[in-house]
> 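Have a look at the structure that comes next, please.
All values below were derived from every heavy atom in this structure, side-chain atoms included, with hydrogens, water molecules and symmetry-related copies excluded.
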Amino acid sequence: MSLADQVLAVNNDLPIRTDAPVHSGKVRSVYWLTAKDSARLIQEKNYDVALDTPLAIMVISDRISAFDCIWQGEGGMKGVPGKGAALNAISNHWFKLFKEQGLADSHILDIPHPFVWIVQKAKPVMIEAICRQYITGSMWRAYSKGERDFCGISLPEGLTKDSKLPELLQTPSTKGILEGIPGVPAVDDVNITRQNIEENFSSFNFKSVQDIALYEKLLTQGFNLISDALAKLDQVFVDTKFEFGYVKDKAGNDKLIYMDEVGTPDSSRIWDGEQYRNGKVVENSKEGFRQLLLNHFPDPDILLNKDRMAEREALARDNKLPESVLMAVSNTYIAIAEKITGQKIVLSENPKAEIIKILKEQYQLVD
C-alpha cells in the first residue's frame with residue numbers, strides 16, 4: 001500500500017447515519033447523530049450527560065492547512081501521513097490531564113478510533129483564546145514595526161525576537177465574523193481587548209460577565225499545565241490557541257469546557273529546548289511548515305497579506321509540494337506526539353475502513 005493510500009484526506013463521505021448535513025472544516029468533519037441514536041448511545045455507553053443531549057461523531061483527517069489554505073503533495077499525497085492520529089493523541093493526552101487535575105471537562109465523551117471522537121453538543125464561546133509566553137510570529141512582526149499595544153496590553157521597549165515575554169499574555173481574537181459589536185470590526189480573527197469582551201459578553205456567547213474570569217483562569221491553568229509538562233521533555237511551549245464552549249451537565253446546568261483541540265502542533269508553537277538555549281529555533285509544530293512555505297515561494301507577502309487571498313488560494317491549488325516536504329511534517333508530528341504521550345503512533349493502512357467497521361459493529365451507527 002502506498003503512502004498516499006494511508007492518508008485520510010476526505011473525511012466527509014463516511015456512511016454514518018445522520019439526518020443533518022455533514023459539517024466539514026479545514027481538518028475535521030462533524031456528523032450529527034439522530035436524536036434516537038444520541039439517546040441510545042448515552043444509555044448504552046453511560047455517558048455523563050443528560051439523555052436529550054445531541055451527540056456528534058467528529059472525524060479528523062490528515063489534511064494540512066496553513067495560511068487558511070489546504071496544501072497537497074506530489075504523487076497523490078493529499079495530506080500528511082500520521083498527522084490526524086498524532087493530533088488526536090496529543091489532545092486526548094492533555095484533556096485527560098486537565099480532567100485529572102481538576103481544570104475542566106472537554107466536549108469529548110468517547111474515543112472509538114485514533115481518528116474519531118464522540119462529542120456532546122457545545123455552544124462555542126466566539127473567541128480564539130491565545131496565550132503567548134514568547135514574542136514571535138505576528139506579534140513580533142507588529143512589534144518590530146513599532147506597535148506596542150496588543151489587545152489592550154502594553155508591551156515594554158527593548159524586547160528581542162523569540163525572547164521570553166515578561167509575563168504570560170492572553171491576546172484574544174474573534175472566532176468567525178461577529179456583527180454589531182461596538183469597536184470590533186466585523187472580520188474574522190481580529191484582535192480584541194478584555195474591555196470589548198466585558199462590554200459585550202453575551203455577543204461572545206458568555207453566559208455571564210463572571211464567566212470571563214473563569215475562561216481566563218482555565219486558559220492560564222491549561223497553558224501552564226502543558227508548558228510544565230513539555231519543559232520536562234525539554235520542549236518550549238511558546239504560544240497556543242484554546243477554544244471554549246458551554247455544555248449541559250446531567251442536571252441541565254451550563255458548564256464551561258475546553259473544546260476543539262489543545263496543545264497540538266496545529267494550535268501551538270513548540271520549540272526544541274536544547275536548540276533554543278543554543279540560540280536556534282527548531283520548530284516541533286506546524287510553524288516549521290509555515291516557515292517552509294514562506295521560504296518556498298518567491299513572494300511571501302501572498303501568504304501573509306489577507307488582501308491577496310485569491311492569489312494565495314491559487315498557490316495552494318496549483319502547486320503540489322514535494323513528497324519529502326510532507327514526510328518531514330509527518331516526522332515532526334509523529335515525533336512530538338510520541339514524546340508527549342509516551343506511546344507509539346501507528347499508521348493505519350486503511351483508516352476509513354477501520355472507522356466504518358468500528359462504528360458499525362461497536363456503535364451501530366452505520367447501516
> Starting from the C-alpha separation in whole Å, work towards a yes-or-no answer on salt bridge (Lys or Arg N to Asp or Glu O under 4.0 Å) for R308 and D299.
CA-CA 11 Å; R308 302 180 71 179; D299 185 2; 2.9 Å; yes

> Would R269 and S285 count as having a side-chain donor-acceptor pair, cut-off 3.5 Å?
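No, S285 and R269 have no side-chain donor paired with an acceptor closer than 3.5 Å.
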
> Is there a donor-acceptor contact under 3.5 Å linking the side chains of D211 and Y246?
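Short answer, yes.
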
> Is a side-chain donor-acceptor pair under 3.5 Å present for D19 with W32?
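No, no side-chain donor-acceptor contact under 3.5 Å.
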
> Any salt bridge linking R317 with E313? Criterion: basic side-chain nitrogen under 4.0 Å from a carboxylate oxygen.
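So R317 does not pair with E313 through a salt bridge.
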
> Is the closest side-chain donor-acceptor distance between W271 and E283 under 3.5 Å?
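E283 and W271 do have a side-chain donor-acceptor pair below 3.5 Å.
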
> Sort out for me which residue in F206, F242, F204, Y258 forms a ring-ring contact (aromatic ring centres under 6.0 Å, His included) with Y215.
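Of the listed residues F206, F242, F204, Y258, the ring-ring contact (aromatic ring centres under 6.0 Å, His included) partner of Y215 is F206.
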
> Would you tell me whether T193 and N196 have side-chain atoms, one donor and one acceptor, within less than 3.5 Å of each other?
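On atom types as modelled, these side chains qualify, holding a pair under 3.5 Å.
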
> Quick one: do the S348 and E354 side chains pair a donor with an acceptor below 3.5 Å?
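The criterion, which ignores hydrogens and geometry beyond distance, is satisfied for E354 and S348.
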
> Between K320 and E74, is there a side-chain N and carboxylate O pair less than 4.0 Å apart?
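No, this pair does not count.
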
> Please determine whether salt bridge (Lys or Arg N to Asp or Glu O under 4.0 Å) holds for the pair D13 and K352, giving the CA-CA distance in whole Å, both sets of side-chain angles, and the decisive distance to 0.1 Å.
CA-CA 10 Å; D13 61 349; K352 190 172 288 188; 2.9 Å; yes

> Which residue is it: K26, K286, R28? I am looking for the one with a salt bridge (charged side-chain N to carboxylate O under 4.0 Å, His left out) to E261.
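Passing option: R28.
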
> Using a cut-off of 6.0 Å, state whether more than 12 heavy atoms not belonging to E198 lie near its atom CD.
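Correct, the count exceeds 12.
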
> Check whether the ring centres of Y333 and F289 lie less than 6.0 Å apart, and answer yes or no.
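Ring centres of F289 and Y333 not closer than 6.0 Å.
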
> Go through K45 and D110 one step at a time and tell me if the salt bridge (Lys or Arg N to Asp or Glu O under 4.0 Å) criterion holds.
CA-CA 9 Å; K45 306 295 183 180; D110 203 351; 5.4 Å; no

> I'd like to know if R148 and E157 make a salt bridge, using a cut-off of under 4.0 Å between side-chain N and carboxylate O.
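Salt bridge: yes.
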
> Between the side chains of D162 and T136, is a donor N or O closer than 3.5 angstrom to an acceptor N or O?
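Yes, because at least one side-chain N or O of D162 sits under 3.5 Å from a partner of the opposite role on T136.
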
> Salt bridge or not between D266 and K83? Use side-chain N to carboxylate O under 4.0 Å.
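Yes, this pair counts.
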
> Are E274 and R277 within salt-bridge range, i.e. N to O under 4.0 Å?
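Here E274 does not pair with R277 in a salt bridge, since their nearest N and O are not under 4.0 Å apart.
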
> For Q170 and T220, does a side-chain donor sit closer than 3.5 Å to a side-chain acceptor?
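Yes.
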
> With distance as the sole criterion, is a donor-acceptor pair present between the side chains of N11 and S29 under 3.5 Å?
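The criterion, which ignores hydrogens and geometry beyond distance, is satisfied for S29 and N11.
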
> Please tell me whether Q235 and N284 have a donor and an acceptor in their side chains that are separated by less than 3.5 angstrom.
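Per modelled atom types, Q235 and N284 side chains form a pair under 3.5 Å.
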
> Taking NZ, NE, NH1 and NH2 as the nitrogens, is one of them in D272 or K280 under 4.0 Å from a carboxylate oxygen of the other?
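Judged by the 4.0 Å cut-off on N to carboxylate O distance, D272 and K280 do not form a salt bridge.
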
> Distance to the ring centre below 6.0 angstrom and angle to the axis at most 45 degrees; does that hold for R312 and F67?
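Cation-pi check for R312 and F67: fails.
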
> Would you call the rings of H113 and F115 parallel, tilted or perpendicular if under 30° counts as parallel and over 60° as perpendicular?
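Tilted, since the angle between the ring planes falls between 30° and 60°.
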
